[in-house]
Asks: 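I have a structure I would like to understand better, so I am pasting it below and will then ask my questions one at a time.
Sequence lines set the chain letters: A, B, ... in the order given, protein chains first and strands last, and positions in each chain run from 1.
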Amino acid sequence: MIFPKKLITWYLQNKRSMPWRETTDPYRIWLSEIILQQTRVAQGLPYYLSFIDHYPTVFDLANAKEEEVLKLWQGLGYYSRARNLHTTAKYIANNLEGVFPTTYKDLLQLKGVGDYTASAIASICYNEVVPVVDGNVYRVLSRYFNVDTPINSTQGIKEFKKLAWEMIDPEQPATFNQAIMEFGALQCKPQSPYCIVCPLNDSCEALKKGTVASLPIKLKKLKVKKRYFNYLIFSVKDQQTIIKQRKGKGIWQNLYEFPLIETEKEVGLDYIKDNDVFKSLLNNVDYDIILHETEFKIHKLSHQHLYTRFYIIKTEEPPKINGESNIVGIEKIREYPVPILIGNFIDSFF
DNA sequence: AAGACGGGGTA
DNA sequence: TACCCAGTCTT
């Protein structure tokens, strides 16, 4: 038996049960694929169930407020996925009468749908013969053929796509694509793959050459930037605080947070008190300020470390907010979509 | 071609 | 710690 057949046989015997495997409804497949981008099944599953529960159809999602979508997405990360998800739902509901595109080429035009996701939807929903190449596929192919071209190089992307084209079973693209991904996730794992019991261990080139553990090759590690976040936690009569939506570029776009003073390095109370944002908020307002915890809370993103401190500012009258900030009752703050860093603070403090 | 973009799991 | 996860978009 050859590679695709063995893979499919293995898949039919070992696949996990997942809700999106019970359907070919493009709405549900699309939703699951967006959620699962750079995300483990175990982490994405509850979000998928929640989204299907709140938005059973693409029209329900299209009619939602972005803030509500972001709130449901809270904690999953890569929030542009949620914003693009909403944009695409509105586009399909309003411009395509709720009907998804049915080809790889047309699916690729949707916001948030790249090469992988367009291939996944086209093959799973419409049996189009297009190979998916995700992290699992890179790993399986690089090992099976002992290819050391970096998977994140232009050459590597091209090369592995070509290999995937050569391997895909044109009679059952949907099953093959899911099989190779599931195989990578469960059997040909990044660390400690089960080569001893692998159905492909008699023909795996990397196993033969002893290079399994070092494949696939990936270029460069990004250097992590340090940032210093000083958050101002207002407590007006112990019942209100100030919250603000992040706008523009950068992390956490359109999510909410507390008023923020970002600095180049560690600063103290004196710096905060002399900061213009701080002074404009508290112009002629009596306040009491304390540093919540001496130690930094270090929030680690993949590409930056946020050295975070929270300053508690108690007042008896409302600060002087401008149009960008909102004074909100403490009982309402959990309704806003916030990054995990802020959510954790809210849970520990309020 | 290289960066930006989250948060959590695993060894 | 370091690496990885059913990647995509921007610069």
Asks: Just the rounded figure in Å: distance from P of dC4(C) to CZ of Arg143(A).
Replies: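 Between P of dC4(C) and CZ of Arg143(A): 10 Å.
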Asks: Assess the side chains of Tyr256(A) and Glu335(A): does a donor N or O sit below 3.5 Å from an acceptor N or O?
Replies: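 Short answer, no.
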Asks: To the nearest angstrom, how far is His305(A) atom NE2 from dC5(B) atom C1'?
Replies: 15 Å
Asks: Do Ser235(A) and Asp238(A) have side-chain atoms, one donor and one acceptor, less than 3.5 Å apart?
Replies: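 Side-chain D/A pair, Ser235(A) to Asp238(A): present.
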Asks: Tell me: NZ of Lys218(A) to C1' of dG7(C), nearest whole Å?
Replies: 10 Å
Asks: Ignoring backbone atoms, test whether Tyr138(A) places a side-chain nitrogen or oxygen under 4.0 Å from the OP1 or OP2 oxygen of dC4(C).
Replies: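 No.
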Asks: Once side-chain contact (heavy atoms from CB on, under 4.5 Å) is applied, do any residues pair with Gln155(A), and if so which ones, sequence neighbours excluded?
Replies: Thr149(A), Ser153(A), Glu159(A)
Asks: Please output the side-chain donor-acceptor pairs of residues 243-251 of chain A that fall under 3.5 Å, not counting sequence neighbours, one pair per line with the distance.
Replies:
{"residue": "Lys244(A)", "atom": "NZ", "partner": "Glu324(A)", "partner atom": "OE1", "Å": "3.4"}
{"residue": "Gln245(A)", "atom": "OE1", "partner": "Lys247(A)", "partner atom": "NZ", "Å": "3.4"}
{"residue": "Gln245(A)", "atom": "NE2", "partner": "Asn254(A)", "partner atom": "O", "Å": "2.8"}
{"residue": "Arg246(A)", "atom": "NE", "partner": "Ile251(A)", "partner atom": "O", "Å": "3.0"}
{"residue": "Arg246(A)", "atom": "NH1", "partner": "Glu257(A)", "partner atom": "OE1", "Å": "3.1"}
{"residue": "Arg246(A)", "atom": "NH1", "partner": "Glu257(A)", "partner atom": "OE2", "Å": "3.2"}

Asks: Between the base of dG8(B) and the side chain of Thr39(A), is there a donor-acceptor distance below 3.5 Å?
Replies: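 Per atom types, no contact qualifies.
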Asks: Taking OP1 and OP2 of dT1(C), is either one under 4.0 Å from a side-chain nitrogen or oxygen of Lys300(A)?
Replies: yes
Asks: Parallel, tilted or perpendicular: which one describes the rings of Phe310(A) and Tyr231(A), with boundaries at 30° and 60°?
Replies: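 Plane angle under 30°, so parallel.
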Asks: Is a side-chain donor-acceptor pair under 3.5 Å present for Asp169(A) with Thr175(A)?
Replies: no
Asks: Using a heavy-atom distance cut-off of less than 4.0 Å, which residues of residues 9-38 of chain A contact DNA chain B?
Replies: Gln38(A)
Asks: Tell me which residues in residues 173-185 of chain A put a heavy atom below 4.0 Å from DNA chain C, sorted by number, or none.
Replies: Met181(A), Glu182(A)
Asks: Taking the P atom in each of dT10(B) and dA6(C), what is the distance between them to the nearest angstrom?
Replies: 12 Å
Asks: Say you pick atom P in dT11(C) and the same atom in dG6(B); how far apart are they, in whole Å?
Replies: 15 Å
Asks: For atom CD of Glu262(A), decide whether the heavy atoms of other residues, nucleotides or ligands shown that lie under 6.0 angstrom number more than 12.
Replies: yes
Asks: Show me the pairs that pass ring-ring contact (aromatic ring centres under 6.0 Å, His included) and involve residues 157-203 of chain A, at least two apart or across chains.
Replies: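 For residues 157-203 of chain A, and leaving out neighbouring residues, the ring-ring contact (aromatic ring centres under 6.0 Å, His included) pairs sorted by first residue read Trp10(A)-Phe183(A), Tyr138(A)-Phe160(A).
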Asks: Does the dG6(B) base have a donor-acceptor partner in the side chain of Tyr78(A) within less than 3.5 Å?
Replies: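 Per atom types, the contact qualifies.
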Asks: Could you check how far CG of Leu215(A) sits from P of dC4(C), rounded to whole Å?
Replies: 11 Å
Asks: What does the list of N/O pairs under 3.5 Å between the protein and nucleotides 9-11 of chain C look like, with a distance for each?
Replies:
{"residue": "dC9(C)", "atom": "OP1", "partner": "Gly112(A)", "partner atom": "N", "Å": "2.4"}

Asks: Starting at atom CG of Leu72(A), determine the distance to atom C1' of dG6(B), rounded to an integer number of angstrom.
Replies: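 The distance from CG of Leu72(A) to C1' of dG6(B) comes to 17 Å, rounded to the nearest Å.
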Asks: Output the rounded distance in Å from CD1 (Ile124(A)) to P (dA6(C)).
Replies: 13 Å
Asks: Does Thr117(A) place a side-chain N or O at less than 4.0 Å from the phosphate oxygens OP1/OP2 of dT8(C)?
Replies: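 So the side-chain polar atoms of Thr117(A) do come within 4.0 Å of the phosphate oxygens OP1 or OP2 of dT8(C), strictly under.
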Asks: Heavy atoms within less than 4.0 Å of DNA chain B: which residues of residues 50-57 of chain A have one? Give them sorted by number.
Replies: none
Asks: Just one of Ile342(A), Leu341(A), Asn344(A) clears the side chain to side chain contact (heavy atoms under 4.5 Å, CB included) bar with His299(A), so which one?
Replies: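 With His299(A) as partner, Ile342(A), Leu341(A), Asn344(A) yield a single side chain to side chain contact (heavy atoms under 4.5 Å, CB included), made by Leu341(A).
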Asks: Quick one: which of dG7(B), dA6(C), dT8(C) gets closest to the side chain of Trp252(A)?
Replies: dG7(B)
Asks: What's in the same ILVMFWY side-chain cluster as Leu215(A), cut-off under 4.5 Å, chained through other members?
Replies: Ile217(A)
Asks: Going through the distances and angles, do Phe296(A) and Tyr228(A) end up as a ring pair (Phe, Tyr, Trp, His ring centres under 6.0 Å)?
Replies: CA-CA 9 Å; Phe296(A) 284 107; Tyr228(A) 293 84; 5.8 Å; yes
Asks: Go nucleotide by nucleotide along DNA chain B from the 5' end; which of Arg81(A) and Gln155(A) gets its closest nucleotide reached first?
Replies: Gln155(A)
Asks: Which pairs pass salt bridge (charged side-chain N to carboxylate O under 4.0 Å, His left out) with one or both residues in residues 134-152 of chain A, sequence neighbours excluded?
Replies: none
Asks: For residues Leu163(A) and Ser142(A), determine if any side-chain heavy atom of one lies less than 4.5 Å from a side-chain heavy atom of the other.
Replies: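 No, their side chains stay 4.5 Å or more apart.
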Asks: Expressed in whole Å, how much space separates the C1' atoms belonging to dC5(B) and dC5(C)?
Replies: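 To the nearest whole Å, 14 Å.
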Asks: Taking 4.0 Å as the cut-off, does a side-chain nitrogen or oxygen of His303(A) come that near to OP1 or OP2 on dG6(B)?
Replies: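 No, outside the criterion.
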Asks: Aromatic ring centroids of Tyr287(A) and Phe234(A) under 6.0 Å?
Replies: no
Asks: Side chain of Pro339(A): nearest nucleotide among dG7(B), dC5(C), dA6(C)?
Replies: dG7(B)
Asks: Please report the distance, rounded to the nearest Å, between CD1 in Ile251(A) and P in dA4(B).
Replies: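 It works out to 12 Å between those atoms.
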Asks: Residues two or more places apart in sequence or in another chain: which of them pass side-chain contact (heavy atoms from CB on, under 4.5 Å) with Gln253(A)?
Replies: Arg83(A)
Asks: Would you say the side chain of Ile124(A) lies within less than 4.5 Å of the side chain of Glu33(A), judging by non-hydrogen atoms?
Replies: yes
Asks: Tell me the interatomic distance from Gln74(A), atom CD, to dG8(B), atom C1', rounded to whole angstroms.
Replies: 15 Å
Asks: What's the spacing between Asn201(A) CG and Cys188(A) SG if we round to 0.5 Å?
Replies: 11.5 Å
Asks: Of Leu219(A) and Arg227(A), whose closest DNA chain B nucleotide lies nearer the 5' terminus?
Replies: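 Looking at the nearest nucleotide for each, Leu219(A) comes out on the 5' side.
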Asks: Using ring pair (Phe, Tyr, Trp, His ring centres under 6.0 Å) as the criterion, list what pairs up with Phe349(A), not counting sequence neighbours.
Replies: His292(A), Phe345(A)
Asks: Polar atom pairs between nucleotides 9-11 of chain B and protein, under 3.5 Å, N or O only, would you list them?
Replies:
none

